[in-house]
Visitor: 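Below are the structure tokens for one structure; questions will follow.
All ligand and atom numbering here is 1-based and tracks the order in the structure.
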Amino acid sequence: MFTKNHIWKLFYILVIAGFFFFTFLLTNAYKEITQRHHSELRYATNIISNLITSEFQEDDMLLSFIAKEISLHGISSKNKRYIVSMIDNFLVHNPKMVGFVLLNKDTDFILSNHKVSQKLLHFLDDTSEATAKKNFQLALHSKKMILGKVYYSKKLQKWILPLQKSIRDVDDKVIAVMLVGLKIDNSARLSRIYAEKKRYIAVLKDFNLFDQLSLEYYSKPDADLYKLYTQPLNKQNISKVAKSIEKKYGYTLNDLRENEQTISYEMQNREGNDLIFALKYNQAYRYWVLIEGSKEGVLSEFFKVLYRYIAVFVVVTFILYLLFKKIVSDEENKKAELIYQTEHDSFTKLPNRTYLYKHIEEWEKRYPQGYYIFYIDLDNFKYINDKYGHTFGDKIIIEVAKRLQQHCFSSEMLVRQGGDEFLILKPIENLEEITKYLESLIDEEHKEYKINNQKFRISFSIGVVKCPKNVKTIDELLSMADIAMYDAKKRKNSYSFYDEELQRDVLLKADIEQELRGAIKNNEIWIVYQPQIYANNQKIYGVEALVRWENKRLGFVGPDKFISVAEKSGLIVELGEYIFRKSLEEIAALKSELGVDFRLSINISVAQFMQKEFLKRCLKIINEYEFDKKSLTFEVTESMMIEQTDKVLPILNAIKEEGIEISMDDFGTGYSSLSTLHALPIDELKIDKSFIDVILSDTKEELLVESIINIGKNFNMKTLAEGVEDLQQLQKLQELSCDIIQGYYFSKPLKIAALKEYIQER
Ligand code: C2E
Ligand code: CA
Ligand code: CA
């Protein structure tokens with residue numbers, strides 16, 4: 001099963017993965033946008049470059065036209081006037097041109113337009129000597145117009161781009177070179193095209209001999225043109241740009257000069273703004289066009305995408321979060337449900353032992369003054385289960401649980417310990433309150449139940465243990481409460497407080513069980529016989545066999561102590577058979593020795609009785625000693641007979657058929673009804689000693705004994721009174737016409753040898 005942590009971990013992993021995925025998409029989007037901007041800028045650069053070139057071509061053509069005129073007329077002094085007037089005329093029609101000078105091959109002045117003095121020549125001085133000369137050389141060797149270095153004309157208050165072009169005769173020999181100034185502010189129309197887009201056009205002239213680049217034109221309105229035009233560009237910057245281009249395209253600046261490719265790159269300007277540049281060289285006029293665009297467009301476009309992606313990411317994450325929250329809460333609920341199931345009993349819905357063990361510590365902490373444990377056990381529940389079936393039994397458990405629950409306060413902990421056992425943990429109160437509580441609990445549970453239209457009552461035995469300070473473990477406490485419960489069970493429908501004596505009793509029982517295992521083998525067991533005497537003639541009727549045990553370690557242990565232990569541990573089967581065999585053997589021998597006949601009564605306990613083939617085994621032993629079955633009586637307790645009537649009845653009948661008599665031992669203590677009594681094949685009622693003890697002091701008891709005797713008579717049963725200790729009791733019983741008397745008055749239980757003497761004396 002996934003834990004909460006696992007699930008959240010998965011969520012975080014997904015969120016992080018999602019984050020990376022979105023980052024990946026964003027970087028792609030960013031790249032795509034920048035690339036688009038770059039190619040747009042390159043495209044624009046191409047167009048601008050073409051525009052500029054076509055303008056230069058136009059100028060070139062005009063100059064070619066003039067050159068042709070001059071070459072046609074020659075530059076002899078008589079033609080000079082004509083040339084000057086033609087040029088003046090030409091300049092009037094081409095206002096972007098200012099000044100015109102003709103020089104011969106050796107840079108000697110030939111003529112100029114008459115408006116402008118020779119001073120026009122000063123462009124030669126303004127530009128560096130070497131550059132000017134180089135340009136002049138270029139003009140001499142080229143048919144194309146050559147661009148010079150831009151300079152500022154103070155007179156015109158304009159930036160002027162000097163142009164040079166050679167004039168050749170028919171033989172293609174240079175006869176002169178013309179110099180023309182070009183006002184470059186006209187090109188401002190170019191800047192207007194791109195101004196809105198924050199793009200600026202720069203024209204750079206490349207005087208490559210000196211590895212120098214100078215600005216010839218820059219469209220940015222607020223630029224410091226004087227500085228820009230007059231100083232060559234920073235070499236470091238140029239090499240930086242060159243490097244970045246080479247890195248991106250693998251071209252040097254020279255390569256670009258040759259292939260005229262338009263390239264773009266990014267760089268920060270002096271103010272630290274990110275800019276995109278596109279660059280293209282024009283071979284014909286040897287200039288570079290550089291377009292500078294801001295990256296703002298890229299960023300604003302990117303931010304739009306970014307916001308969209310963030311929104312999607314946030315929404316997706318949120319949905320995912322809700323989904324996971326749901327999964328976690330479902331999982332938690334499932335877990336809680338599971339924990340609830342393991343900690344609660346499925347059909348009473350009460351907390352179970354697992355719950356108790358898990359929560360006892362915290363419960364103890366809540367009640368530091370201590371608490372009581374009530375160990376509650378239903379009386380005779382096994383009997384109900386056997387008689388009415390398990391589903392019925394379950395219904396009772398549920399009903400009982402309901403009543404317990406209603407009886408409990410919230411401060412108490414009610415637990416189904418298992419089967420028909422419940423626990424109540426109750427914070428300490430004074431003894432009086434606790435006693436009241438217990439009594440009301442017992443009363444409440446003893447009220448009538450109605451299940452499947454059957455009415456009946458259930459009683460409880462409750463063991464109580466007080467846990468003052470948590471000095472004992474819960475297991476120890478529970479076993480103490482259990483001991484007390486067993487003590488209460490002896491009375492039923494009552495409670496018992498745990499004390500040391502009970503504990504000793506338990507320990508003793510453990511000792512008894514241990515020692516009893518070797519008792520037969522070690523010859524520690526013997527049988528005594530208590531005579532049973534006819535009440536009227538005081539002749540001997542029979543004897544009851546009673547077992548005795550003396551152990552090396554434990555000393556003499558009475559059967560009232562060890563028989564129950566033997567029953568619980570199963571040892572009774574072996575022990576019972578031993579007693580049966582031994583008493584048959586001894587009595588058979590005694591009878592034949594003395595030549596008298598009397599009955600032998602043997603106590604049979606439940607476990608023995610319920611044993612498979614019990615009767616068959618008895619008969620085998622009877623045959624072995626050739627014992628007269630008809631002089632044999634089985635004593636079975638009343639409680640056993642009424643609690644398990646259905647199971648007991650067929651066995652009783654089988655016994656009866658064999659001619660063995662059946663005596664109902666301890667009669668009067670088990671509340672058997674007349675109808676059950678009638679249904680059972682009983683030969684003898686053995687009136688319990690507790691009635692005989694009080695027969696003289698209590699007329700009520702006397703009446704009771706009288707009615708028992710009458711019932712016996714009516715049902716054709718013999719009546720036997722046990723525990724008769726004195727003459728008055730005997731006389732009273734004779735008066736009530738009880739049949740047989742057993743008790744110390746006649747004799748204590750006797751060893752076989754003493755019994756022989758007793759019989760001989762009679
Ligand atoms: P029980 O069958 O009711 O036996 C009668 C008990 O009363 C015997 O105690 C007997 O010694 C005692 N008793 C007889 N007359 C008097 C009297 O006048 N005054 C007094 N105070 N007591 C008298 P015991 O032998 O200690 O046996 C106790 C119980 O142990 C028996 O009660 C019986 O339930 C069980 N028990 C004894 N021997 C056997 C046995 O061999 N097998 C089985 N299954 N149970 C046995
Ligand atoms: Ca008996
Ligand atoms: Ca008895």
Side-chain angles (χ1 to χ4, degrees), residues 490 512 516 519-520 524-533 541-550 556-587 599-611 614 618 621 632-641 661-670 682-696 718-730 732-733 738 740-752 754-755 758:
K490 287 181 194 155
I512 287 174
L516 199 56
I520 296 172
E524 294 170 6
I525 303 280
W526 72 95
I527 315 292
V528 290
Y529 303 92
Q530 189 173 33
Q532 299 170 327
I533 309 294
Y541 165 79
V543 291
E544 180 185 3
L546 294 159
V547 69
R548 294 293 176 262
W549 176 38
E550 188 160 3
F556 184 84
V557 185
D560 52 336
K561 289 237 159 52
F562 72 82
I563 288 295
S564 60
V565 175
E567 279 173 342
K568 271 188 199 121
S569 60
L571 285 168
I572 193 70
V573 177
E574 190 194 347
L575 182 64
E577 197 166 313
Y578 180 79
I579 294 165
F580 192 75
R581 177 183 291 277
K582 194 83 189 162
S583 47
L584 249 62
E585 182 192 334
E586 286 182 344
I587 296 300
R599 300 196 64 82
L600 171 63
S601 206
I602 298 176
N603 293 287
I604 309 290
S605 70
V606 202
Q608 244 179 309
F609 200 83
M610 294 298 191
Q611 199 198 334
F614 160 72
C618 287
I621 297 165
L632 199 58
T633 305
F634 284 172
E635 287 190 20
V636 187
T637 58
E638 182 190 16
S639 55
M640 174 182 117
M641 286 205 225
E661 288 192 358
I662 294 156
S663 171
M664 194 184 246
D665 206 354
D666 304 338
F667 186 72
T669 57
I682 310 277
D683 301 285
E684 179 182 271
L685 288 184
K686 213 165 169 184
I687 304 161
D688 195 66
K689 181 176 177 293
S690 56
F691 296 101
I692 311 302
D693 286 344
V694 290
I695 194 172
L696 298 172
K718 288 174 262 189
T719 50
L720 188 153
E722 64 177 336
V724 179
E725 291 181 348
D726 53 43
L727 187 61
Q728 284 98 320
Q729 287 172 333
L730 173 66
K732 178 59 75 186
L733 287 160
C738 178
I740 305 148
I741 307 294
Q742 181 184 346
Y744 291 173
Y745 175 73
F746 286 113
S747 171
K748 288 200 168 179
L750 304 168
K751 283 189 179 173
I752 189 73
L755 180 67
Y758 183 86

Visitor: When you compare the side chain of Y529 with that of E586, does any pair of heavy atoms fall below 4.5 Å?
Guide: yes
Visitor: Decide if the gap between the ring center of F614 and the ring center of F634 is smaller than 6.0 angstrom.
Guide: yes
Visitor: For ligand 1, which part of I579 has a heavy atom less than 4.0 Å away: the side chain, the backbone, both, or neither?
Guide: side chain
Visitor: Got a donor-acceptor contact below 3.5 angstrom from the E567 side chain to the I572 backbone?
Guide: no
Visitor: When you compare the side chain of N603 with that of I579, does any pair of heavy atoms fall below 4.5 Å?
Guide: no
Visitor: If you count the atoms of ligand 1 from 1 in the order shown, which ones are under 4.0 Å from a heavy atom of E722?
Guide: 3 (O), 5 (C)
Visitor: Short list, please: which atoms of ligand 1 are under 4.0 Å from a heavy atom of S605?
Guide: 44 (N)
Visitor: Going by heavy atoms in the side chains, are I695 and Q729 under 4.5 Å from each other?
Guide: yes
Visitor: Would you say K732 and L696 make side-chain contact, with heavy atoms under 4.5 Å?
Guide: yes
Visitor: Classify the contact between V724 and ligand 1 as side chain, backbone, both or neither, using a heavy-atom distance cut-off of under 4.0 Å.
Guide: backbone
Visitor: Check contact between G723 and ligand 1, using heavy atoms of the residue and a distance below 4.0 angstrom.
Guide: yes
Visitor: Just let me know how R548 lines up against ligand 1, side chain, backbone, both or neither, with a heavy-atom cut-off below 4.0 Å.
Guide: side chain
Visitor: Parallel, tilted or perpendicular for F556 and W526, by the 30°/60° rule?
Guide: tilted
Visitor: Do D683 and T633 touch side chain to side chain, with heavy atoms closer than 4.5 Å?
Guide: no
Visitor: Could you pull out, from W549, Y744, Y578, the option with a heavy atom nearest to atom 22 (N) of ligand 1?
Guide: Y744
Visitor: How is the N/O/S atom of E635 that comes nearest to the Ca ion (ligand 2) named?
Guide: OE1
Visitor: Give the atoms of ligand 1, by number and element, whose distance to some non-hydrogen atom of D666 is under 4.0 Å.
Guide: 3 (O)
Visitor: Under 4.0 Å from a heavy atom of P749: give me the atoms of ligand 1 that qualify, with their elements.
Guide: 11 (O)
Visitor: Enumerate the atoms of ligand 1 whose separation from the nearest heavy atom of N603 is less than 4.0 angstrom.
Guide: 2 (O), 39 (C), 40 (C), 42 (N), 43 (C), 44 (N), 45 (N), 46 (C)
Visitor: Between S663 and E635, do the side chains contain an N or O donor and an N or O acceptor separated by less than 3.5 Å?
Guide: no
Visitor: Please report, to 10°, the angle around the Ca ion (ligand 2) from atom OD2 (D665) across to atom OE2 (E544).
Guide: 170°
Visitor: Could an N or O of ligand 1 be found under 3.5 Å from any N or O of Y745, whether backbone or side chain?
Guide: no
Visitor: Can you name the residues that form a salt bridge (charged side-chain N to carboxylate O under 4.0 Å, His left out) with D693, not counting sequence neighbours?
Guide: K689
Visitor: Who's closest to atom 15 (N) of ligand 1 heavy-atom-wise, of Q729, K689, E544, Q530?
Guide: Q530
Visitor: Look at atom 24 (P) of ligand 1 and find which of A721, S663, P559 reaches it with the closest heavy atom.
Guide: P559
Visitor: Under 4.5 Å between any side-chain heavy atoms of P531 and L755, yes or no?
Guide: yes
Visitor: By number and element, which atoms of ligand 1 are closer than 4.0 Å to a non-hydrogen atom of E725?
Guide: 17 (C), 18 (O), 19 (N), 20 (C), 21 (N)
Visitor: Is it the side chain (CB and beyond), the backbone, both or neither of Q742 that lies under 4.0 Å from ligand 1, heavy atoms counted?
Guide: neither
Visitor: Taking E544 first and then K686, would you say they form a salt bridge - that is, a charged N and a carboxylate O separated by under 4.0 Å?
Guide: yes
Visitor: Would you say N603 has an N, O or S atom lying under 3.0 Å from the Ca ion (ligand 2)?
Guide: yes
Visitor: Are any N, O or S atoms from E722 nearer to the Ca ion (ligand 2) than 3.0 Å?
Guide: no
Visitor: What part of I602 sits under 4.0 Å from ligand 1 if we count only heavy atoms: the side chain, the backbone, both or neither?
Guide: neither
Visitor: Please check whether V547 reaches ligand 1 - meaning an N/O of the residue sits under 3.5 Å from an N/O of the ligand, judged on distance alone.
Guide: yes
Visitor: Taking only residues two or more places apart in sequence, or in another chain, which ones meet E661 in a salt bridge (charged side-chain N to carboxylate O under 4.0 Å, His left out)?
Guide: R599, K718
